[in-house]
Undergrad: 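Below is the structure I would like to discuss, written out as structure tokens.
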Number of protein chains: 2
Amino acid sequence: MYEVYFESFKNRISLTDEEEALIKNHLSVKKIRKRQYLLQEEDPCRHIAFVEKGMLRSYTVDKNGTEHILQFAPEGWFIADLYSFLAEEPSSYNIEAVEDSELVLISRPAYNELLKTSPKYLEFSHNLVTNAYIAMQRRINDLHERSIEERYADFISRYPQIINRVPQHMIASYLGLTPETLSRVRRRMVSPG
Amino acid sequence: MYEVYFESFKNRISLTDEEEALIKNHLSVKKIRKRQYLLQEEDPCRHIAFVEKGMLRSYTVDKNGTEHILQFAPEGWFIADLYSFLAEEPSSYNIEAVEDSELVLISRPAYNELLKTSPKYLEFSHNLVTNAYIAMQRRINDLHERSIEERYADFISRYPQIINRVPQHMIASYLGLTPETLSRVRRRMVSPG
DNA sequence: AACATCCCTTGATTTAAGTCAATAGATTTT
DNA sequence: AAAATCTATTGACTTAAATCAAGGGATGTT
């Protein structure tokens, strides 16, 4: 427990043992089974989750009942509805385990306290969210200007650790396609012509 | 100069006069004419710009020569290619003034120094980028699950200060549509039937 | 004032992706 | 082992948006 979390932390920001102990005091641990919810739409998001092991996904369900996946979070990634977490509003999406998973959680009170008391944690959080912002912006640009072939090829090369662990229709949903369309795109790609 | 910047700052984080003076020392000011570039693709992004007055936009140009607008930044907003700024890599998009504008700039050395020396600035930056991240995530979800009518209606209600200041084809580009399609969507919306 | 450029709209047509439906292979559950 | 559910593929068809093309109104420039 906490191994992956602090490895990821120290890769960005150095930590003394005291600092690490302080931070660890504000965290907790949770195991979660495949298909189990960490967060359901309309519930307030009470934790930011870091994935030590396994994989989670966040998604919305539109009025037709179709799911739209916002994010996959494999080992070493964070996942939460940050808006709900910070504003204490009902969440607008669901977070669910795609595999049996082990999580490191931080609650909002612990988060706020750490931001105040631990400059290193503030730095770490700043670093994380900046990277997440950059990734999101790139994704919007991809949605705007790249063909679905390109987007799928990119996904494969960027996230090889995800592609073989989730069903294909979830990749389609992440990319904003129907499963049928992704299936046809794949056929077009293997036998070009 | 700096009025809008520090108003925005103090709305989030309190500042003593000394803290404000320290931060101001790390900033500079720039005026820029309509259609002038602040940043061109392939150049490294050397500043984060805060818009005091006027409006900027960031966009990419695809292989067909079509522009795709990533962001509008009217008064009170920030704009930069953060990836390029932080990684010192060539920028992958352009930033240009949509109107004559006044900017407050921070360079990367000044930014890094302020993050180290001014806890308030780190807090401010953390706050800003967190909000920007939340907004980006919402936008991806909109691209996935909402119709173009809804997206356009949303844009109007969310950004009334932008809608009447930029040509319609730029709104189309921001929303990921052709100008023709947006024109037809508008017609459908005014006379429903 | 004349010219050029930019901007928006509209029509006709093409194209890409979605929808609906069926099937078959995997995997999970009982 | 059988039943049920989930998953991926494929075909036929529909639909929504892009593309191509033209025209007219604004706006800006010399």
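Just so you know, these numbers come straight off a predicted model, no measurement behind them. Keep in mind that the numbers below use all heavy atoms, side chains included, and drop hydrogens, waters and symmetry copies. Numbered from 1 within each chain, the chains take letters A, B, ... in sequence-line order.
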Undergrad: Heavy atoms only: give me the nearest A:S101-A:E99 pair and the separation to one decimal.
TA: OG-O, 2.7 Å
Undergrad: On DNA chain D, nearest-nucleotide positions of A:P167 versus B:S147: which is more 5'?
TA: A:P167
Undergrad: At a heavy-atom distance below 4.0 Å, which nucleotide of DNA chain D is the first touched by chain A, and which is the last?
TA: D:dT7 to D:dA12
Undergrad: Whole-Å distance between C:dA17 P and B:I148 CD1?
TA: 15 Å
Undergrad: Could you check B:V166 against B:R184 and say which one's nearest nucleotide on DNA chain C is further toward the 5' end?
TA: B:V166
Undergrad: If only side-chain N and O atoms count, and only distance matters, is there a donor-acceptor pair under 3.5 Å linking B:N141 with A:H68?
TA: no
Undergrad: I want to check something: taking the side chain as every heavy atom from C-beta on, are A:M55 and A:V51 in contact at a cut-off of under 4.5 Å?
TA: no
Undergrad: Can you tell me if A:K53 has over 12 outside heavy atoms packed within less than 6.0 Å of its NZ?
TA: no
Undergrad: By a strict heavy-atom criterion of less than 4.0 Å, which residues belonging to residues 168-183 of chain A are in contact with DNA chain D?
TA: A:Q168, A:H169, A:E180, A:S183
Undergrad: For A:Y174, give me all partners under ring pair (Phe, Tyr, Trp, His ring centres under 6.0 Å), at least two apart in sequence or on another chain.
TA: A:F72, A:F155
Undergrad: Using heavy atoms and a sub-4.0 Å distance, could you list which residues of residues 59-66 of chain B are near DNA chain D? By number, please.
TA: none
Undergrad: Reckon B:R187 has a side-chain N or O less than 4.0 Å from the OP1 or OP2 of C:dT10?
TA: yes
Undergrad: Kindly write out the residues that satisfy ring pair (Phe, Tyr, Trp, His ring centres under 6.0 Å) with B:F85, not counting sequence neighbours, or none if the list is empty.
TA: B:Y111
Undergrad: Do A:S118 and A:E19 have a side chain donor and acceptor closer than 3.5 Å?
TA: no
Undergrad: Of the options A:C45, A:S84, A:P44, which is the one that meets A:L39 in a side chain to side chain contact (heavy atoms under 4.5 Å, CB included)?
TA: A:C45
Undergrad: Can a side-chain donor-acceptor contact be found between B:Y59 and B:E96 if the only test is distance below 3.5 angstrom?
TA: yes
Undergrad: Treating primed atoms plus P, OP1 and OP2 as sugar-phosphate and everything else as base, which nucleotides of nucleotides 22-30 of chain C get B, S or - for protein heavy atoms under 4.0 Å?
TA: ---------
Undergrad: Estimate the overall bend of the helix from C:dC8-D:dG23 to C:dT30-D:dA1 from the end axes over five pairs each, rounded to 10 degrees.
TA: 50°
Undergrad: Which residues satisfy the ring pair (Phe, Tyr, Trp, His ring centres under 6.0 Å) test with B:Y133, sequence neighbours excluded?
TA: none
Undergrad: Please identify each residue that fulfils salt bridge (charged side-chain N to carboxylate O under 4.0 Å, His left out) with B:E75, with sequence neighbours left out.
TA: B:R165
Undergrad: Calculate the interatomic distance between A:R188 atom CZ and C:dT15 atom P; express it in whole Å.
TA: 14 Å
Undergrad: Sort and list the pairs that fulfil salt bridge (charged side-chain N to carboxylate O under 4.0 Å, His left out) and have at least one residue in residues 39-49 of chain B, not counting sequence neighbours.
TA: none
Undergrad: Side-chain atoms of residues 22-34 of chain A: list all donor-acceptor pairs with protein atoms under 3.5 Å, sequence neighbours left out, distances to 0.1 Å.
TA:
residue	atom	partner	partner atom	Å
A:H26	ND1	A:L22	O	2.9
A:H26	NE2	A:E113	OE2	3.1

Undergrad: Taking ring pair (Phe, Tyr, Trp, His ring centres under 6.0 Å) as the definition, give me every residue that meets it alongside B:F50, ordered by chain and number, with sequence neighbours left out.
TA: B:Y5, B:F78
Undergrad: Could you tell me whether a side-chain N or O of A:D62 sits under 3.5 Å from a main-chain N or O of A:T66, the two making a donor and an acceptor?
TA: yes
